Amino acid sequence: MPIGGKLILRPGLKMPSYKEAVQIQQRLREKVVLKPPLGFFPHLVAGTDVSYSREDKMFYAVVVVLELKSLSLIEKQVVIGRTEFPYIPGLLSFREAPFLIKAIAKLKHRPEVILVDGQGIAHPRRIGLASHLGVLLQIPTIGCAKSRLVGTYGHLPDRAGFYSILKDKGEEVGIVLRTRRGVKPIFVSPGHLMDIKTAYQLVIRCLKGYRLPEPIRMAHIVANQTRLAVTRQG
DNA sequence: GCGACAG
DNA sequence: ATCTTGTCGC
């Protein structure tokens, strides 16, 4: 069965109201599993990112699949589209998830885990973009955000690999990880079928000397290149 | 009411 | 996210 085979995709159609979106999240959050599958030893790791063009108001959603061992590109898929759903902190899923799901569904290679540019459970209702995608696709996911949405954390040494626990309302929802010396840390949190320890170990294995883990960094580059290529021509 | 606020 | 030039630091 193809990835996300049973999903009913309706991007661009019925846009949920703020209240409806929150209700959907409260229903999905109950399905989030904070433990990796038995014998979780991924071989293929995916990364996602979305770039946006303000002039044509188009989204460029990208998913790349890398071989974990070598961090080399295996496959990439791009989906271009438009949405009317605005950016609202806490409701990012309703803006980006439809396009990312379409892109992931096009993959010939099924990734065993996906690194998502956004939060996992480090979210007001514990259902950030990474968790949302994981539940819908039933694939382990990890949220890797470049800034904080919720939670507090302590001092972080300026040394690659060091981290501080991210806590929100008394719960440990992720870590703030220094992926490289001299740069701002990233916010790593479990999405679905994932826990903090496993997420940390995997992100560390995906680092290649840059601030962002290679799958997300590569997806970001592809998204921007695609957007610029389209914007520049037609 | 005020400040915070993934992309 | 995107819009933007130069500039500071390893």
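Predicted model only: the values in this text are computed from it and were never measured. Residue numbers start from 1 in every chain, and the chains themselves are labelled A, B, ... in the order their sequence lines are given, proteins ahead of strands. Computed from heavy atoms alone, side chains included, the values below leave out hydrogens, waters and symmetry copies.
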Heavy-atom protein contacts under 4.0 Å, nucleotides 5-10 of chain C, coded B base, S sugar-phosphate only, - none: ------

Contact state string [nucleotides 1-7 of chain B, B base, S sugar-phosphate only, - no protein heavy atom under 4.0 Å]: ---SBBB

Pairwise side-chain contact, His132(A) with Leu92(A), heavy-atom cut-off 4.5 Å (strictly under):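 His132(A) vs Leu92(A): side chains apart.
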
Distance-minimising heavy-atom pair for Ile165(A) and Tyr153(A): O-CB, 3.5 Å

Range-with-range stems for DNA chain B, at least three Watson-Crick or G-U pairs under 3.5 Å: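 When the pairs of DNA chain B are grouped into runs of at least three, no such run exists.
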
Spacing of Phe59(A) atom CZ relative to dA1(C) atom C1', expressed in whole Å: 8 Å

Main-chain N/O of His43(A) paired to Glu112(A) side chain as donor or acceptor, under 3.5 Å: yes

Test item: Lys106(A) side-chain N/O and Val78(A) main-chain N/O as donor-acceptor pair under 3.5 Å: yes

Canonical and wobble pairing (Watson-Crick, G-U, under 3.5 Å) of DNA chain C, dot-bracket with |: ..........

Length of the OH-P vector between Tyr60(A) and dT2(C), whole Å: 11 Å

Axial cation check for Tyr210(A) ring with Arg217(A), 6.0 Å and 45° limits: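 Yes - Arg217(A) lies over the ring of Tyr210(A), closer than 6.0 Å to its centre and within 45° of its axis.
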
Transitive ILVMFWY cluster of Val33(A), excluding itself - 4.5 Å side-chain cut-off: Leu193(A)

Atom pair distance, as rounded to whole Å: CG in Asp56(A) and C1' in dT2(C): 12 Å

Side-chain (Arg211(A)) to main-chain (Val183(A)) donor-acceptor, under 3.5 angstrom: no

Residues in contact with DNA chain C, drawn from residues 217-227 of chain A - heavy-atom cutoff 4.0 Å: Asn224(A), Arg227(A)

Test applied, side chain to side chain contact (heavy atoms under 4.5 Å, CB included); reference residue, Arg178(A); option that passes from Pro185(A), Pro157(A), Ser164(A):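 The single option meeting the side chain to side chain contact (heavy atoms under 4.5 Å, CB included) with Arg178(A) is Pro185(A).
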
